[in-house]
Amino acid sequence: MPELPEVETIRSDLALRFIGLRLEMLKILGERTIRRNKTNLEEVGPELLGRQLSDAKRYGKYLILELSGSQIGEISYLVVHLGMSGRFVLQLPEMPNGRDHTKMHVRFSEEDLYLWDPRTFGEVFLETGLDDLGRPMTLSKRLGIDPYLYPHNVAGALGEVAVRSSRAIKAVLLDQKVIAGLGNIYSDEVLFRSRVSPSFPVSALDKRGIERVAEAVVEVVNKAVVLRGSSLKDKSYMDLSGRPGSYQSEHLVYGRYSKACMVCGEDIDRVLIAGRYSSFCSICQQGADRWDYS
DNA sequence: AACTCCCCCTGGATGC
DNA sequence: TGCATCCAGGGGGAGT
């Protein structure tokens, strides 16, 4: 399930391989993939042919392909969210049951690129502009701080929530309006590393606690980007060439429910927050006050 | 207004 | 073995 580090890995691979090339084909194969259809991709699509990929950007979990226009200043953005199971691949994977989950087929200067998405949670739409932070304009109000682009603003964003909300810190980390890019994997890892229980109310964190969590967000995200993301058994994330990332070997709590905590040996517990299970260690993770026990 | 919950979907894991 | 059921998760919208 691609979160910020996986999308960033895909972004940099795409940038290396495709920037400067011209779009020769844009074929949408899944109706659900363009369900928002913000700027009627089916109609506008043909107008994009011949344009050059001038940049590959990312904000949160959104991948933003910048297509320069034929007229000066004319730019369009093909925005892609990979959802749960979306992958960009150079070669289509083989399915044992023979099903084809290709949702988009693009070709840049004779090089094919496919969006492969079995669970169809992914989506593609066209955008005419980005805001001052680099967010697709129509998503401006829905996305908070990207911790990879703006590491120094994470503590501020969390602090702002803390003064007006008593939501569980885990729910806050998952909320894209606060921090854009974290999903279940990285938010669990962040909370273990900052030694805060997932159900701890954000309002009960003091300044140091907030800073601890913010530092862990930046640390975990940066390390995961270096290691090219996390690939799980379900293979829902593989890079452009079909290779796995390696941050999964750094996971200390995610996917380790009922296994022994790597730090204290206690069984990893889990709790349902905002409809998702959080794995955590009830000994190592309590309030922020416990953070310097190591 | 702020927040939670349900739904969309499929493949893999688990249960009987 | 094979079938049925469960589970995972992001985001949007309905509901509280």
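In this text, all values refer to a predicted model and were calculated from it rather than measured experimentally. Numbered from 1 within each chain, the chains take letters A, B, ... in sequence-line order.
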Could you give the CZ-to-P distance, from A:R119 to C:dG10, as a whole number of Å? 11 Å
Here the ring-ring contact (aromatic ring centres under 6.0 Å, His included) pairs for residues 222-245 of chain A, sequence neighbours left out, are none
How many whole angstroms separate atom CG of A:L174 from atom P of C:dG12? 14 Å
Give one of base, sugar-phosphate or nothing for A:Y254, where a contact means two heavy atoms less than 4.0 Å apart. sugar-phosphate
In residues 160-169 of chain A, which residues come under 4.0 Å of DNA chain B by heavy atom? A:S165, A:R167
Near-strand residues of residues 180-192 of chain A, defined as heavy-atom separation under 4.0 angstrom from DNA chain B: none
Tell me, which pairs form a side chain to side chain donor-acceptor pair (under 3.5 Å) where one or both residues lie in residues 144-160 of chain A, sequence neighbours left out? A:R58-A:D146
Check: residues 78-87 of chain A side-chain donor-acceptor pairs under 3.5 Å, at least two apart:
residue: A:H81; atom: ND1; partner: A:G83; partner atom: N; Å: 2.8
residue: A:S85; atom: OG; partner: A:D117; partner atom: OD1; Å: 2.7
residue: A:S85; atom: OG; partner: A:R119; partner atom: N; Å: 2.9

Could you check whether A:S68 and A:R51, counting side-chain N and O atoms only, form a donor-acceptor pair closer than 3.5 Å? no
For residues 175-186 of chain A, dump all side-chain donor-acceptor pairs below 3.5 Å to protein atoms at least two apart in sequence or in another chain.
residue: A:D175; atom: OD1; partner: A:K177; partner atom: N; Å: 2.9
residue: A:D175; atom: OD2; partner: A:R167; partner atom: NH1; Å: 2.9
residue: A:Q176; atom: OE1; partner: A:G181; partner atom: N; Å: 2.9
residue: A:Q176; atom: NE2; partner: A:L174; partner atom: O; Å: 3.0
residue: A:Q176; atom: NE2; partner: A:L182; partner atom: O; Å: 2.9
residue: A:N184; atom: OD1; partner: A:K170; partner atom: NZ; Å: 2.5
residue: A:N184; atom: ND2; partner: A:Y277; partner atom: O; Å: 3.0
residue: A:Y186; atom: OH; partner: A:E6; partner atom: OE2; Å: 2.6
residue: A:Y186; atom: OH; partner: A:S230; partner atom: N; Å: 3.3
residue: A:Y186; atom: OH; partner: A:S230; partner atom: OG; Å: 2.7

Kindly write out the residues that satisfy ring pair (Phe, Tyr, Trp, His ring centres under 6.0 Å) with A:H251, not counting sequence neighbours, or none if the list is empty. A:Y247, A:Y254
Pairs where residues 246-273 of chain A contributes a residue and the test salt bridge (charged side-chain N to carboxylate O under 4.0 Å, His left out) is met, not counting sequence neighbours: A:K223-A:E250
What is the distance from CG of A:L82 to P of C:dG11, rounded to the nearest Å? 11 Å
Looking at A:K177, I'd like to know whether one of its side-chain N or O atoms comes within less than 4.0 Å of OP1 or OP2 on C:dG11. no
Not counting sequence neighbours, which residues clear side chain to side chain donor-acceptor pair (under 3.5 Å) with A:S199? List them please. A:S197
Would you jot down, in residue-number order, the residues of residues 270-279 of chain A having a non-hydrogen atom under 4.0 Å from DNA chain C? A:R270, A:R276, A:Y277
Stepwise, does the side chain to side chain donor-acceptor pair (under 3.5 Å) test hold for A:S109 with A:E24? CA-CA 6 Å; A:S109 306; A:E24 287 173 356; 4.6 Å; no
Does C:dG11 have OP1 or OP2 under 4.0 Å away from a side-chain N or O of A:Q176? yes
I would like to know whether A:T9 and A:D239 meet side chain to side chain donor-acceptor pair (under 3.5 Å); could you show each step before the answer? CA-CA 7 Å; A:T9 303; A:D239 72 11; over 6 Å; no
Tell me the bend of the helix from B:dA2-C:dT16 to B:dC16-C:dG2 as the angle between end helix axes, each from five pairs, rounded to the nearest 10 degrees. 60°
Could you tell me whether A:K57 and A:D55 have a side-chain N and a carboxylate O separated by less than 4.0 Å? yes
Would A:E3 and A:K61 pass as an ion pair if we require N to O under 4.0 Å? no
Interatomic distance where CG belongs to A:L4 and P belongs to C:dG11 [whole Å]: 11 Å
To the nearest angstrom, the NZ-C1' distance between A:K103 and B:dC9 comes to 9 Å
I need the CZ-P distance between A:F121 and C:dG13, as an integer number of Å. 15 Å
Looking at every non-hydrogen atom in both residues, tell me the closest pair between A:Y77 and A:T128 and how far apart they are. CE1-O, 3.8 Å
Could you state the atom-to-atom distance from OH of A:Y237 to C1' of C:dG9 in whole Å? 17 Å
The answer to which of A:A171 and A:T120 contacts DNA chain B further toward the 5' end, by nearest nucleotide, is A:A171
Once side chain to side chain donor-acceptor pair (under 3.5 Å) is applied, do any residues pair with A:E66, and if so which ones, sequence neighbours excluded? A:S54
Give the nucleotide from the list C:dG11, C:dG10, B:dT10 with an atom nearest to the side chain of A:H101. B:dT10
Take the protein atom CG of A:L63 and the nucleotide atom P of C:dG10, then report the distance between them rounded to whole Å. 17 Å
